[in-house]
Amino acid sequence: MKRSCYCGELHAGMIGEEVVLEGWVNRRRDHGGVTFVDLRDREGLVQVVFSPEVSPQVHERAREIRSEFVLRIRGKVSRRPPGTENPKLKTGEIEVVATEVEVLNTARTLPFRLDDKDLSEEVRLTYRYLDLRRPWMQHNMKLRHRAAMAIRQYMDSLGFIDVETPFLTKSTPEGARDYLVPSRVNPGKFYALPQSPQLFKQILMVAGFDRYYQIVKCFRDEDLRADRQPEFTQIDLEMSFVEREDVMEVVEGIVRTVFELIDVELPEKFPIMSYKEAMLKYGIDRPDTRFGLLIQDVSQLFESTKFTAFKETLEKGGIIRGFKAPSGARFSRKELDNWGKRAREFGARGLISIKVTDQGLQSNLLKYLSSGEAEGLKEAFQVQEGDVIFLAADKEERVADVLGRLRLEVANALDLIPEDTYSPLWVVDFPLLDWDEEEKRYVAVHHPFTSPMDEDLPLLDTDPLKVRAKAYDIVLNGQEIGGGSIRIHRRDIQKKIFDLLRIGEEEARVKFGFLLEALEYGAPPHGGIALGFDRVMAILTRAESIREVIAFPKTQKAQCLMTGAPSPVDERQLKELKIKLTATPEEK
RNA sequence: GGGGUCGUAGCUCAGCCCGGUUAGAGCGCCGGCCUGUCACGUCGGAGGGCGCGGGUUCAAGUCCCGUCGGCCCCGCCA
C-alpha cells in the first residue's frame, strides 16, 4: 500500500475514489458505534469514519487508536450524509470511510494539546518537533521556503550568482563578538564563525563575479532579543560597477517579490529619507512611518522664554522638541503623569504635556508661558481640540531618543498604528564615523569598508564626524530589515579610514591584509547589502518574534531547550584541542 | 552587566498582598456507556506538595535571602 495523496488535498471531486492515506491522528471521537478520526498530514485534515457496518474488524481496531498515532488507511472518499458537513474544514464536504487500517506507530500522550493557543515557549521549544507539527508553524516554515525560492528565482533572473563562503573563517576585529572554533591541527588557533560574509563577497567582486548573492547563516555572540538570534539568516548580495540606487532597485524587487506571497503590493520605489530627517522627525534611525505623530523642533519659539527649565536648556545649547498626539486629551491626569514617568525612564529630565481643550491650552506649564509662546505652539503643531502636545527639552540626542520612544508607545496606547499597512523606506546619508569616548577613537557606524560620500572626502581631514557614508538601511514598519553600503575600492581611502579608526598598518595587514591586497589588484567599484531574512519572515507572518519563523531557535540564554546545547565536552576532546578550562561549567 | 515579569497537576492558570483544615479549576489523561460527531456527549477515576537551596516562624506556595530557568527591555548587536 502506497499513499495516494495528502489528507488535505482530498476534495468532493474525488468522491467514489479509493485512497490510501498516511498521517497522524489529530483527534478521535468514539461514539461507541461509529468512530471518527481526524487524520492530519502537512497539507491538512480529513475525517475518517470507522463504521461497524462497513467492517467490524476495522471498527474494532479503531478503539486502540489514540492522539498522534501514525496510521495508514485505505478507504473510500464519500460525500458526508446531509447535515453532517463541516464548513470549518476545507475537506468538510467529504469523509473517508475506512476499509483497512494499519497502526504504523503509537505515540505517548503528548505533553500538550497541539491546538493549545497559550503554550509557554519553554514547553514549545523543549518539544519543538511537536510544536512544529502545529499548523501555524507548518505555515511559517512553508512560507519561509516559498520566500527563499522566490528570492533565488528573482536573483537568478537578474544574473546573480550564488557562491558559498566559508563558515570556518577568520576572526575580525570591530563589530560583534565572534563565535570561536578551535583548530585541532593548529593548536592554540581558532576559526571564527562569520558575522557576515562581508569580506568574501567583496573579494568575489575583485574576482569578477559582478553579481553575487547568498541566503546564508551568520553568527554573532551577542545578547538575544525578540528579533535577534545568535545564528540568523541573511539575504546577502554584492554588485560591481554600481551606485547606491542600483542596489536599492534590486532590493526593492526582492522585498516586493516576497510580499507578493502574502498578496501585499508594495510600491515600485520606496521612499528615501535622510538619517538627519529620521532623527529629527522620528527620533530614531529606523522610523515607523505607518503613522504620524511627527516630532518637531520648537526651540526658536522659546528663545526668550521665562520658563527656567527651557531657558537653561537652550542656554546650554540644548533643544526643545515635541509631538502632537491626536485624541491624546483623553489621557487622564494620571495617565499623563505616567507618560512623564516613562519619559524619565527613557532618560528625560521631564516631560511637558499640554492638552488642547475647548477652553484652550491646558497644562501646569501654562502659567510660565507667554501668550505668544502658547499661540506659537498651537500654530506649530496645527492643534485641534482633543490633542495633546508632549514637549521635552535637553541636549539634542537625548530629546530625539526620548521622544522617539515615547512616540511609539503613545501611538500604541492610542491605537494609532494600522495593522495591515506595510511602510518600507530607505534611510540614507548616515554619518560614516562615530566617536568612542571610552576608547578615544573613531568607530565605523556601518563597517570599516564603507565608502565616504565623494563630496565629503575633504572632511576626513578636517571634521571626520561630519563625513557622510554611502550607506543605506532599509526599514519596514519601524524595523531595520537590512543595511548595506557602497564599499571603498581604493587602497588610499581605505588607509585613511583605518588611520581614523586607529587600526594600524600592521593590525590591518594581520586582520584583513588579504582584502587590502585584493583591492590593489584591480578592484571594481562595488557595493551591496544584507537583508535579515528572519526579520522579513517575522513581518510576513506577523509573528511577535523571529523564533516563530526559525525551526530550531535558541532561548534568551542562547540555549537550545531541545538538544541541551551548549553542553560540557569530554576532557578528551579538550585535551586534543589543547584547551584548558579556567572554570568548570558549573562554576561559570 | 542591569531593570522588569513569570515559575503551583502533563498543559494553561487561581491561591501568595493579609502564613494555619486533606492545595483548587479548566483542558488533557485512564476506564465505563453512547451509530453522525467534528472543542462530541455522559458517568466515574488517577494525578502535584508548589523551580531549587537556605532562613524567619509553633506553622511557609504564601514572608526574607540566594540561586536556576522562560519571556520583555536597557547596555551590547561594525
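Just so we're on the same page: letters track the sequence lines, and every chain starts at 1.
Protein atom CD of E409(A) is 12 Å distant from nucleotide atom C1' of C72(B), rounded to whole Å. For the pair D401(A) CG and C74(B) P, the interatomic distance rounds to 10 Å; values are reported in whole Å. A straight line from CZ of R228(A) to C1' of C77(B) spans 4 Å, rounded to a whole angstrom. The distance between atom CZ of R108(A) and atom P of C11(B), rounded to the nearest whole Å, is 12 Å. Distance CD1 (I284(A)) to C1' (C73(B)): 13 Å, rounded to an integer number of Å. At whole-Å resolution of the value, CG in L125(A) and P in G69(B) are 15 Å apart. Rounded to an integer number of Å, the gap from CZ of R124(A) to P of U12(B) is 11 Å. In this structure, the CZ atom of R342(A) is 11 Å from the C1' atom of C72(B), given to the nearest Å.
Taking a cutoff of 4.0 Å between a charged side-chain nitrogen and a carboxylate oxygen, E548(A) and R124(A) qualify as a salt bridge. Look at R547(A) and E121(A) and you find a salt bridge, because one of the NZ, NE, NH1 or NH2 atoms lies within 4.0 Å of a carboxylate O, short of that distance. Using a cut-off of 4.0 Å between Lys/Arg side-chain N and Asp/Glu carboxylate O, E480(A) and R286(A) are scored as not salt-bridged. Between D38(A) and R29(A) there is a salt bridge, since at least one side-chain N of the basic residue sits less than 4.0 Å from a carboxylate O of the acidic one. Salt bridge present: K495(A) and D499(A) bring a charged side-chain N and a carboxylate O closer than 4.0 Å.
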Query raised in the report: Given W24(A) and F69(A), is the ring-ring contact (aromatic ring centres under 6.0 Å, His included) satisfied, shown in steps?
Result: CA-CA 6 Å; W24(A) 287 261; F69(A) 277 26; over 10 Å; no
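In terms of phosphate contacts, T555(A) brings a side-chain nitrogen or oxygen within less than 4.0 Å of OP1 or OP2 of G70(B). R547(A) has a side-chain polar atom (N or O) that falls below the 4.0 Å cut-off from OP1 or OP2 of C72(B). An OP1 or OP2 oxygen of C74(B) is reached within less than 4.0 angstrom by a side-chain nitrogen or oxygen of R225(A). Residue R66(A) places at least one side-chain N or O closer than 4.0 Å to OP1 or OP2 of G31(B).
For G49(B), the base is syn relative to its sugar; the glycosidic angle is within 90° of 0. Base orientation of G48(B): anti (glycosidic angle beyond 90° from 0).
Residues of residues 493-518 of chain A having a heavy atom closer than 4.0 Å to RNA chain B: none are found.
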Pairs under 3.5 angstrom, nitrogen or oxygen only, protein versus nucleotides 2-7 of chain B, please.
none

Under 3.5 Å, which donor-acceptor pairs do the side chains of residues 75-84 of chain A form with other protein atoms, sequence neighbours left out?
residue, atom, partner, partner atom, Å
S78(A), OG, K76(A), O, 3.2
R79(A), NH1, E93(A), OE2, 3.4
R80(A), NE, G92(A), O, 3.2
R80(A), NE, I94(A), O, 2.9
R80(A), NH1, T84(A), O, 3.1
T84(A), OG1, P81(A), O, 2.6

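Using N1 to N3 plus N6-O4 or O6-N4 for Watson-Crick, or N1-O2 and O6-N3 for G-U wobble, each under 3.5 Å, G41(B) pairs with C33(B). Base pairing annotation: G61(B) forms no Watson-Crick or G-U wobble pair, as no partner gives both donor-acceptor distances under 3.5 Å. Pair assignment for G69(B): C6(B), on the basis of Watson-Crick or G-U wobble contacts that are both within less than 3.5 Å. C77(B) is unpaired under the criterion used here, namely a Watson-Crick or G-U wobble arrangement in which both key atom distances are under 3.5 Å. Look at C16(B): it lacks any Watson-Crick or wobble partner with both distances under 3.5 angstrom.
A donor-acceptor contact closer than 3.5 angstrom links the side chains of T165(A) and Q214(A).
The shortest distance between side-chain heavy atoms of V54(A) and T99(A) falls below 4.5 Å. Contact of the R27(A) side chain with the Q47(A) side chain is not registered, since no non-hydrogen atoms from C-beta on lie closer than 4.5 Å. Between R128(A) and P553(A) the shortest side-chain heavy-atom distance falls below 4.5 Å.
Checked against ring pair (Phe, Tyr, Trp, His ring centres under 6.0 Å), F167(A) has the following partners two or more places apart in sequence or in another chain: F219(A). Legend: residues meeting side-chain contact (heavy atoms from CB on, under 4.5 Å) with E64(A), ordered by chain and number and at least two apart, are R61(A), V103(A).
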Report task. Assign a letter to each nucleotide of nucleotides 36-52 of chain B from its 5' end: B, base within under 4.0 Å of a protein heavy atom; S, sugar-phosphate only; -, no contact. Result -> BBBSB------------
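For P111(A), counting side-chain heavy atoms from C-beta on, the closest listed nucleotide (C77(B), G10(B), U12(B)) is G10(B).
Side-chain N/O atoms of D116(A) and base N/O atoms of G28(B) include no donor-acceptor pair closer than 3.5 Å.
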